[in-house]
Amino acid sequence: MLIKKPPDIKPSEITSKSLFLRRREFLSVSINSTAAIATAGLAGGLLAPSAAQAGTKLQGIVKSPFSTKEELTPYEDVTTYNNFYEFGTNKEDPAEYSKDFKPLPWTLKVEGACNKPGTFQLEDFIKPHQLEERIYRLRCVEAWSMVIPWVGFPLADVIKRFEPTGNAKYVAFTTLLDPKRMPGQTNSVLDWPYVEGLRMDEAMHPLTILAVGLYGEMLPNPNGAPLRLVVPWKYGFKSIKSIVKIAFTETQPPTTWNMVAPNEYGFYSNVNPNHDHPRWTQKKERRIGDLFKRPTLMFNGYADQVASLYAGMDLDKYY
Ligand code: MTE
């Protein structure tokens, strides 16, 4: 992300030539890496590793009324222009250095203030849930954005399953810590593992999802395989990738970018054109693939649905 960045993104960074030229290369990489990933679907062998197929599509997806109708960002851009520091700090690094990452089998722990904590294999964790396609804008704090057809299910449904107690005021998320599989973790640019958190009402909001796929297929490695958070009204760094732990906590959990630079990255990190980042404006953004900037929308365009969560809060103080 953004510790040593110029005050704005140069157009050349947005649609880099190398990125364009590497599209075909990545497509073959993607097919090879999805070969390690399994079939998923509600009808049949959900995530059964033995059923791994190249380019595996997810089955049994229903369309969500929460989807935006905006033009989709091409698959190639979504999967080759990424922030995933576990695989390097350049936008092209995750596609390059996550090629050998094998997300399955994947174990997920649910713990903290809840009646039904547990440890799950990904397949069992997903099984009770109906997969939905949710087309959301993703607005990165660096002032670029994409429109991505995620496949996932509401985090609220997951939370209800684990029966949080009255002490559960926040939900904390942790990314896998495994420098052998995630080579970027040998670099001390961040304090690993990557951690994130939401207030309970944000986590329960119907727009908040856990994603297991995009463009109808299993999550590609650069996008956070095999399980990530997507919170569409917040800056992209809240959408933590490759989650291994979900914990219900009484106090506000630490979050990675807030620990790096608290004056730049707040706990809330709601998309807000009226609160500039100390080093650049948030008033505009560039949709990947576009030449011109467009105005940033309050709460990334989801104000009608989420503004009430922050009623009475000073959004300059709670940025
Ligand atoms: N999660 C982890 N574990 N590590 C990261 O470096 N980067 C964040 C977020 N989740 C990040 C992460 C940032 S800054 C953004 S903008 C989004 O992932 C990017 O998601 P995308 O690459 O799927 O577009």
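The figures that follow rest on heavy atoms only: side chains count, while hydrogens, waters and symmetry mates do not. Every number for a ligand or one of its atoms is a count from 1 in the order of the listing.
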Peer 1: Can you sort out which atoms of ligand 1 are near G236, meaning under 4.0 Å from one of its heavy atoms?
Peer 2: 8 (C), 9 (C), 13 (C), 15 (C), 16 (S), 17 (C), 18 (O)

Peer 1: Yes or no: does E142 have any heavy atom under 4.0 Å from an atom of ligand 1?
Peer 2: no

Peer 1: Decide whether an N or O pair under 3.5 Å exists between N223 and ligand 1.
Peer 2: yes

Peer 1: Give a yes or no on whether the ring-centroid distance for Y265 and F237 is below 6.0 angstrom.
Peer 2: yes

Peer 1: Pull out every atom of ligand 1 sitting under 4.0 Å from any heavy atom of R228, numbered as shown with elements.
Peer 2: 18 (O), 20 (O), 21 (P), 23 (O)

Peer 1: Check the angle between the aromatic planes of W144 and Y81 and answer parallel, tilted or perpendicular using the 30° and 60° thresholds.
Peer 2: perpendicular

Peer 1: Quick one about N82 and K91 (side-chain donor to acceptor, distance below 3.5 Å, no hydrogens or angles considered), yes or no?
Peer 2: no

Peer 1: Would you say the side chains of H277 and E264 form a donor-acceptor pair under 3.5 Å?
Peer 2: yes

Peer 1: Yes or no: does S242 have any heavy atom under 4.0 Å from an atom of ligand 1?
Peer 2: no

Peer 1: Classify the angle between the aromatic ring planes of H275 and Y319 as parallel (below 30°), tilted (30 to 60°) or perpendicular (above 60°).
Peer 2: parallel

Peer 1: Is there a nitrogen or oxygen of W144 sitting under 3.5 Å from a nitrogen or oxygen of ligand 1?
Peer 2: no

Peer 1: Give the ring-plane orientation class for F125 versus H129, where under 30° counts as parallel, over 60° as perpendicular and anything between as tilted.
Peer 2: tilted

Peer 1: Would you please say whether a donor-acceptor pair under 3.5 Å links the side chains of N83 and E142?
Peer 2: yes

Peer 1: Check this for me - ligand 1, N82, N or O atoms closer than 3.5 angstrom, yes or no?
Peer 2: yes

Peer 1: As a check for students: among Y194, Y235, Y265, identify the option with a heavy atom nearest to atom 12 (C) of ligand 1.
Peer 2: Y194

Peer 1: Is there a polar contact, in the sense of an N or O pair closer than 3.5 Å, between T175 and ligand 1?
Peer 2: yes

Peer 1: Examine the proximity of ligand 1 to E196 and report which part, side chain or backbone, both or neither, has a heavy atom under 4.0 Å away.
Peer 2: neither

Peer 1: Under 4.0 Å from a heavy atom of C140: which atoms of ligand 1 are those, numbered in the order shown and with their elements?
Peer 2: 16 (S)

Peer 1: Which residue is it: E285, E70, R137? I am looking for the one with a side chain to side chain donor-acceptor pair (under 3.5 Å) to S145.
Peer 2: E285

